[in-house]
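Residue numbers begin at 1 in each chain, while the letters A, B, ... track the order of the sequences.
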Amino acid sequence: MPPKKEKSTRKKKDPNAPKRALSAYMFFANAQRDIVRAENPGIAFGQIGKLLGEKWKSMNAEDREPYENKAEADKKRYELEKADYLKRKENEYLEKHEA
DNA sequence: AGCGTGATTGTTGGT
DNA sequence: ACCAACAATCACGCT
């Protein structure tokens with residue numbers, strides 16, 4: 001049973017919010033944005049989204065490789081962010097306690 | 001130890 | 001600034 005998503009997708013919860021990482025789709029969209037939009041000048045988001053989604057899944061694992069690859073790298077990027085973010089939290093915490 | 005959840009990522013276009 | 005479908009994510013925190 002999938003989670004129940006109500007509405008909106010943004011919300012803050014962390015003070016430093018290291019922000020997650022991008023997903024393969026984000027990289028894929030980055031590339032498609034240039035192409036899809038080039039082939040569909042003036043294409044609206046609704047069309048792009050559906051069209052992209054279809055093609056995205058239509059891509060072979062080999063095609064997703066570059067995107068997944070980037071996604072992986074991006075994840076690591078986030079890893080560092082969160083690491084630094086968590087560290088920062090600890091630092092603040094210690095500061096307060098030491099005072 | 002295992003589980004669920006939420007938050008987030010980026011595109012475009014319009015209001 | 002925000003929102004919407006589209007897809008992935010996946011680390012975090014909790015008990």
Side-chain angles (χ1 to χ4, degrees):
Chain A
M1 74 185 40
K4 46 159 93 172
K5 48 173 122 168
E6 306 243 326
K7 282 188 208 140
S8 301
T9 42
R10 86 244 176 285
K11 220 171 208 159
K12 249 182 178 288
K13 72 169 166 54
D14 283 312
N16 316 90
K19 320 288 199 196
R20 293 182 47 76
L22 275 75
S23 21
Y25 198 88
M26 300 302 105
F27 307 100
F28 164 83
N30 266 286
Q32 290 299 309
R33 161 206 83 184
D34 293 36
I35 303 150
V36 177
R37 212 193 156 204
E39 296 195 320
N40 305 285
I43 184 166
F45 167 83
Q47 275 62 266
I48 273 231
K50 287 173 182 177
L51 178 66
L52 241 67
E54 271 183 67
K55 297 204 163 200
W56 165 244
K57 285 188 173 152
S58 194
M59 292 179 92
N60 305 316
E62 288 99 70
D63 291 309
R64 289 175 23 171
E65 259 190 344
Y67 308 107
E68 279 186 0
N69 179 345
K70 266 206 137 238
E72 253 182 79
D74 183 273
K75 177 194 158 306
K76 281 167 190 159
R77 186 94 215 97
Y78 164 77
E79 262 187 70
L80 302 167
E81 281 181 46
K82 130 193 159 251
D84 192 67
Y85 149 74
L86 291 169
K87 220 181 149 195
R88 196 175 173 177
K89 257 180 83 181
E90 207 184 309
N91 196 321
E92 267 182 54
Y93 173 85
L94 288 169
E95 228 179 78
K96 281 166 114 182
H97 272 247
E98 208 172 313

Rounding to 0.5 Å, atoms CG (A/Leu51) and CD (A/Gln32) come to a distance of 8.0 Å

A/Glu54 atom CD is separated from C/dA7 atom P, nearest whole Å, by 9 Å

From CD of A/Glu72 across to P of C/dA11 the rounded distance in Å is 11 Å

**Request:** Return no unless some side-chain N or O of A/Lys75 is found under 4.0 Å from OP1 or OP2 of C/dA11.
**Result:** yes

Testing B/dT11, C/dA11, C/dA7 for proximity to the side chain of A/Arg33, the answer is B/dT11

OP1 or OP2 of B/dT9 less than 4.0 angstrom from a side-chain nitrogen or oxygen of A/Lys19, does that happen here? no

Heavy-atom nearest pair, A/Phe27 first then A/Ala71, reads CE1-CA, 3.1 Å

| Taking side chain as C-beta onward, heavy atoms only, is A/Arg64 less than 4.5 Å from A/Trp56? | yes

Taken to the nearest whole Å, CD/A/Glu79 to P/C/dT9 is 14 Å

Between CD of A/Gln32 and P of B/dT11 the distance, given in whole Å, is 14 Å

Testing C/dC12, C/dA8, B/dT12 for proximity to the side chain of A/Arg37, the answer is B/dT12

**Message:** Between A/Arg77 and B/dT9, is there a contact of a side-chain N or O with OP1 or OP2 at under 4.0 Å?
**Reply:** no

Given the rule in the side chain to side chain contact (heavy atoms under 4.5 Å, CB included) test, do A/Asp63 and A/Phe28 qualify, once you have shown the distances and angles that lead to the verdict? CA-CA 10 Å; A/Asp63 291 309; A/Phe28 164 83; over 6 Å; no

Looking only at B/dT9, C/dA8, B/dT11, the nucleotide nearest the A/Ala29 side chain is B/dT11

Between A/Ala21 and A/Lys57, the residue closer to the 5' end of DNA chain C by nearest nucleotide is A/Lys57

A/Leu51 atom CG is separated from B/dG10 atom P, nearest whole Å, by 22 Å

5'-most contact on DNA chain C (nearest-nucleotide basis), A/Ala71 vs A/Leu52, goes to A/Leu52

A/Met26 atom CE is separated from C/dA5 atom P, nearest whole Å, by 15 Å

When we call it a touch if two heavy atoms are under 4.0 Å apart, what does A/Tyr78 touch: a base, just sugar-phosphate, or nothing?
sugar-phosphate

* To do: Using a heavy-atom cut-off of under 4.0 Å over every strand shown, decide if A/Ile43 touches base, sugar-phosphate, or nothing.
  => sugar-phosphate

_Can you tell whether the side chains of A/Glu81 and A/Arg77 come within less than 4.0 Å, N to carboxylate O?_
no

Looking only at C/dA4, C/dT9, C/dC6, the nucleotide nearest the A/Lys50 side chain is C/dC6

Here the distance between atom C1' of C/dA7 and atom CD1 of A/Ile48, to the nearest Å, is 14 Å

From CZ of A/Arg20 across to C1' of C/dC12 the rounded distance in Å is 9 Å

